[in-house]
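Atoms within each ligand, like the ligands themselves, are counted from 1 in listed order. Just so it is clear, the values below take in all heavy atoms, side chains as well, and ignore hydrogens, waters and symmetry mates.
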Amino acid sequence: MARFDLDNLVFANKDVLREDWQPDNLAERDAEMDTCASALRPLLRGNQPDNLFLYGLTGVGKTAATHALITELLDAAADVERHLEVVELNCTGITSSYQVAVNLVNEMRTGDAHSHALTTVSLEKDPLPETGHPQKRVFRELLKDFESAGGDVIVVLDEIDTIGSDDDILYELPRARKTYDIDVNLGLIGISNDFKFRENLSPKVKDSLCEKEVHFQPYDAEQLVRILEKRADRALAEGVLAEGVVPLCAAMAAQDSGSARQALRLLRIAGDFAENGPSDGDPRITEEHVRRAEEEIQRQQVVEGMEELTRHGKLVLLTVAHLEAEGETPERTKVIHQRYRQVSKREGSDPLKRRAMHDHLTDLTLQGVLTKIDDTSGRGNYNQYELDVELDSAIDALEVEFDDLTAVRETAHRNHVL
Ligand code: ADP
Ligand code: MG
């Protein structure tokens, strides 16, 4: 097949499976969107709306629902000839209220260069420098900009948990009318993946920000099937989906996290395998491709997780990989520690004591890299550990840190575990 041949492709429009693709109307979130709509509706009459706090695990449609909702709201505002503006900010990497305020101001002042899809405000003012002003001054500047924008403004703060306890802005914005004597109707929408953030909000912030709270539950398998089918219809060429593929992606994602993001990712990667794999001119996505996609995602996750591990975390993982290659897992802490001492010395590191090493076993278990097995057979009660990821993936990841792991692979092949 010619390299750029466009026949026999699996994807008709691959963008539709991308995470940032915005569905026209968002299915499966009617109840949540109704609640949000009732909070914001007063804006259409020029009244003060309720503030909203949207929370739930990652990938459950919080951002997508907000985008769909705001689009509907702007249409409704245009219908009744109400001037309504939106400023959106994703707070990833932003750690203080001060930075949120500066970024909001500059989001409104950068004109066409808006970095956020929902932002409509565009002011002819010079951007603010990132530092060097008292916080009160920046807040005042922000509110004056809201006023310049027309006074009826929705502020969307996505992934707001990154500001932690530095949450003044969430208190100040809702009561800006009083504090700064400024004529604005402000609708604040905070979005968070982090349940602790919500619990730890100071009571005064909770009162003002969380006037209406909307919890986005994880999707179940049936919902994910319906979500995927819609996207697959537009994304894939006709007839390329083998039966059972969508239900399998949905089931895997539902079991793990209930995340639509994960389900879409499985389908997209499975499609990649189908499109790029050997084919006899009849490319089809099969359940086998989905299983490979899952392994691929898992491998990527381990590799990413590995970057976060400490040196000793990596040494402990390497030790368990050795044992796994030898067919000796699950293995008890005591034996793992003996091997770990040898491995550490060979790699030029001072080994930790058994208890400290055990902490790493626990961490790796929490991260899903290892599994702990309680062995209550025989006398005593032992914890045993084995890999919870493919040995192959673990070795791939470890090769970033350790020079030559061919010996481990060879051992594994000899023992038929690879
Ligand atoms: P969150 O903000 O909760 O982490 P997102 O809104 O970014 O999750 O959703 C993750 C991905 O799943 C996006 O690509 C989004 O379009 C898609 N998605 C989520 N919910 C739905 C749904 N109900 N219908 C269609 N696509 C959805
Ligand atoms: Mg989001």
Salt bridge check, Glu296 against Arg265: does any charged N sit closer than 4.0 Å to a carboxylate O? no
Using a strict cut-off of under 4.0 Å between a residue heavy atom and any atom of ligand 1, list the qualifying protein residues by chain and number. Arg18, Glu19, Trp21, Pro23, Leu26, Ala27, Leu57, Thr58, Gly59, Val60, Gly61, Lys62, Thr63, Ala64, Tyr219, Ile227, Arg231, Ala260, Arg261, Leu264
Is atom CG of Asp403 surrounded by more than 12 heavy atoms (other residues, nucleotides or ligands) closer than 6.0 Å? no
Near the Mg ion (ligand 2), protein N/O/S count under 2.8 Å comes to 1
Side chain to side chain, His67 and Val156, heavy atoms closer than 4.5 Å: no
For the residue pair Lys14 and Phe11, would you count it as a cation-pi contact if the rule is NZ or CZ under 6.0 angstrom from the ring centre and within 45 degrees of the ring axis? yes
Using 30° and 60° as the class boundaries, would you call the ring planes of Phe273 and His289 parallel, tilted or perpendicular? parallel
Using a strict threshold of under 4.0 Å (side-chain N to carboxylate O), is an ion pair present between Arg18 and Asp20? yes
For Lys125, check side-chain hydrogen bond (donor to acceptor under 3.5 Å, both in side chains) against everything at least two apart and list the hits. Asp145, Ser148
Please name all residues satisfying side-chain hydrogen bond (donor to acceptor under 3.5 Å, both in side chains) with Lys314, sequence neighbours left out, ordered by chain then number. Glu401
Go through the steps to decide whether Tyr180 and Arg175 satisfy the test side chain to side chain donor-acceptor pair (under 3.5 Å), and finish with yes or no. CA-CA 9 Å; Tyr180 298 87; Arg175 51 199 291 282; over 6 Å; no
